[in-house]
Amino acid sequence: MTTPEPVPASAEKKPVGERAGEMAKKGAQQVAIWVGVAVVAVIVYSIAAAVIPRWWAQRVGEWVNKSMLTGTGLGLTFGILCTLIPLLLLVFAVKRIRRSPKLATAAAVLAVVVAVPNLMTASIAAGISNAAKAGRDVMNVDAPMFRGATLWGAIIGLVLAIAIPIAVRIYGKRREARKLQKAADKAAVKQAKIAAKEEARAEKAAARTDHESGDL
């Protein structure tokens, strides 16, 4: 008769109260982590909201250097590219999210990064903080036409982001239709050649039969 082996202490079920205490402890730790993340995020946002509008306005002011032509060109460039590229990247990310989640995530992150210049300009144009007001004052003097041109560029970029995928889809369908038509034409030509060869053989066979009949 074999004696049952002792159950290890680690395999024994813990009392309900102890398990509840551990769950509560883990829950408290998670809450503390999320609270810490939220506090850090608020601090970072506050610093960014106070610094970035002034910094971005000064950089743009240095580039434009009070030139309306430069402000218009630079604003249109930022507006179009920093709207068009992020939207196309987001479309790509949505299409690849199931097949390649990592690639889709990378595309989404890149889209946010590329959109940062437009987001900074928007924070200055629509912001109500003292930093945003200071940024607007700097741009009004040192970067004329930049904000308005950026807005128009963003609209153009949005229209292009809608039109380009549609145009690519239409082009793809037409290209596929041309391939199918080309394949059908090639098959028809091949079939016509085969039919012509069979007809020539039939004519030769008929001529040979007529010749043999004449000899008789």
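Hydrogens, waters and symmetry mates play no part in the numbers below; they use all other heavy atoms, side chains included.
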Distance in Å, K182 NZ paired with R175 CZ, rounded so as to fall on 0.5 Å steps: 11.0 Å
Path from I155 to L76 over hydrophobic side-chain contacts below 4.5 Å: yes
ILVMFWY cluster, L89 and V91 together (side-chain gap under 4.5 Å): no
Verify same cluster id: L160, V114 (apolar side-chain graph, 4.5 Å): no
In one Ile/Leu/Val/Met/Phe/Trp/Tyr side-chain cluster, 4.5 Å: V168, L88: yes
I164-L87 co-clustered via ILVMFWY side chain contacts under 4.5 Å: no
Residue pairs, two or more places apart or on separate chains, that pass ring-ring contact (aromatic ring centres under 6.0 Å, His included) and touch residues 110-131: none
Gap separating the OH atom of Y171 from the CZ atom of R178, nearest 0.5 angstrom: 5.5 Å
Pairs flagged by side chain to side chain donor-acceptor pair (under 3.5 Å) wherever residues 93-120 is involved - sequence neighbours left out: T83-N118
Linked hydrophobic residues, L69 as query - side chain contacts closer than 4.5 Å: none
Side-chain touch I156/L84, heavy atoms, less than 4.5 angstrom: no
Residues that W63 engages under side chain to side chain contact (heavy atoms under 4.5 Å, CB included), provided they are two or more places apart: W56, R59, V60, L74, F78
Which atom of P165 lies closest to which atom of A161, heavy atoms considered: CD-O, 2.9 Å
Please tabulate, for the side chains in residues 129-153, all donor-acceptor contacts under 3.5 angstrom to protein atoms that are two or more places apart in sequence or on a different chain.
residue	atom	partner	partner atom	Å
S129	OG	A132	N	3.2
R136	NH1	I124	O	2.6
R136	NH1	G127	O	2.8
R136	NH2	G127	O	3.3
N140	OD1	R147	NH2	2.3
N140	ND2	R136	O	3.1
T150	OG1	F146	O	2.7

Evaluation steps, side chain to side chain contact (heavy atoms under 4.5 Å, CB included), between T70 and N65: CA-CA 8 Å; T70 304; N65 195 21; over 6 Å; no
Connected-component partners of I33 among ILVMFWY, side-chain separation under 4.5 Å: V37
